[in-house]
Amino acid sequence: VQLQASGGGLVQAGGSLRLSCAAAARTFTSYAVGWFRQAPGKEREFVAATSRGGSGSRYADSVKGRFTISRDNVKNMVYLQMGGLKPEDTAVYYCAAGPDYNNLALKRADYWGQGTLVTVSS
């Protein structure tokens with residue numbers, strides 16, 4: 001599975017941004033997908049994940065109520081709608097795929113895309 005993230009940029013605190021991840025996979029619906037982020041000097045952390053059909057999802061406590069993950073299994077796309085952005089959300093965001101979204105929440109992914117930088121100014 002090849003994953004290509006896009007949509008990062010500079011946004012003011014309180015603003016919104018939508019990240020996209022295009023997946024090149026013949027069996028996209030065989031994979032749960034998720035988003036992770038890594039801030040400078042910090043470890044990569046889990047942000048959100050959704051199940052293969054999109055009916056189940058998991059979020060990190062730090063983004064609950066502000067971020068929403070979704071997927072389009074026709075277009076082979078994954079999205080992360082981010083709202084109420086804070087300076088501490090500044091990071092490189094990565095999309096990832098694996099067989100189970102609960103395992104993605106444990107950072108157990110089989111495939112990783114390249115990152116897209118999100119910078120939130122105060």
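Computed over heavy atoms, backbone and side chain alike; hydrogens, waters and symmetry mates excluded.
Heavy-atom minimum distance, S51 versus S55: OG-N, 3.2 Å. For T116 against A5, the heavy-atom pair with the smallest separation is CG2-CB, 4.2 Å. Taking each heavy atom of L104 and A109 in turn, the nearest pair found is CD2-CB, 3.6 Å. Summarising the geometry of S57 relative to I69, their closest heavy-atom pair is CB-CG2, 4.1 Å, with the distance given to 0.1 Å. Looking at every heavy atom in both residues, V118 comes nearest to G8 through CG2-CA, 4.1 Å.
Q2 CD: 12 or fewer foreign heavy atoms inside a 6.0 Å radius. For K107, the NZ atom sits in a packed shell: over 12 heavy atoms of surrounding residues, nucleotides or ligands are nearer than 6.0 Å.
Under the ring-ring contact (aromatic ring centres under 6.0 Å, His included) test applied with Y111, the options F36, Y31, F28 reduce to a single match, Y31.
Linking ILVMFWY side-chain heavy atoms closer than 4.5 Å, directly or via other members, places Y59 and W35 in a single hydrophobic cluster.
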Determine all donor-acceptor pairs shorter than 3.5 Å in which one atom belongs to a side chain in residues 80-101; sequence neighbours excluded.
| unit_1 | atom_1 | unit_2 | atom_2 | d |
| --- | --- | --- | --- | --- |
| D89 | OD1 | R37 | NH1 | 2.9 |
| D89 | OD1 | R66 | NH2 | 3.0 |
| D89 | OD2 | R66 | NH1 | 2.8 |
| D89 | OD2 | R66 | NH2 | 3.4 |
| D89 | OD2 | K86 | N | 2.8 |
| T90 | OG1 | P87 | O | 2.9 |
| T90 | OG1 | V120 | N | 2.9 |
| T90 | OG1 | V120 | O | 3.4 |
| Y93 | OH | R37 | NH1 | 2.9 |
| Y93 | OH | D89 | O | 2.7 |
| D100 | OD2 | N102 | N | 2.9 |
| D100 | OD2 | N103 | N | 3.0 |

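Taken from NZ in K64 to CZ in R58, the straight-line distance is 8.0 Å, to the nearest 0.5 Å. In this structure, CE in M77 is found 12.0 Å from CZ in R71, a value given to the nearest 0.5 Å. The CD atom of Q114 lies 8.0 Å from the OG atom of S6; values are rounded to the nearest 0.5 Å.
When side chains are defined from C-beta on, L106 does not count as touching F46, because their heavy atoms never get closer than 4.5 Å.
For K42, there are no salt bridge (charged side-chain N to carboxylate O under 4.0 Å, His left out) partners at least two apart in sequence or on another chain.
For the pair R18 and Y79, the cation-pi test (distance below 6.0 Å, angle within 45°) is passed.
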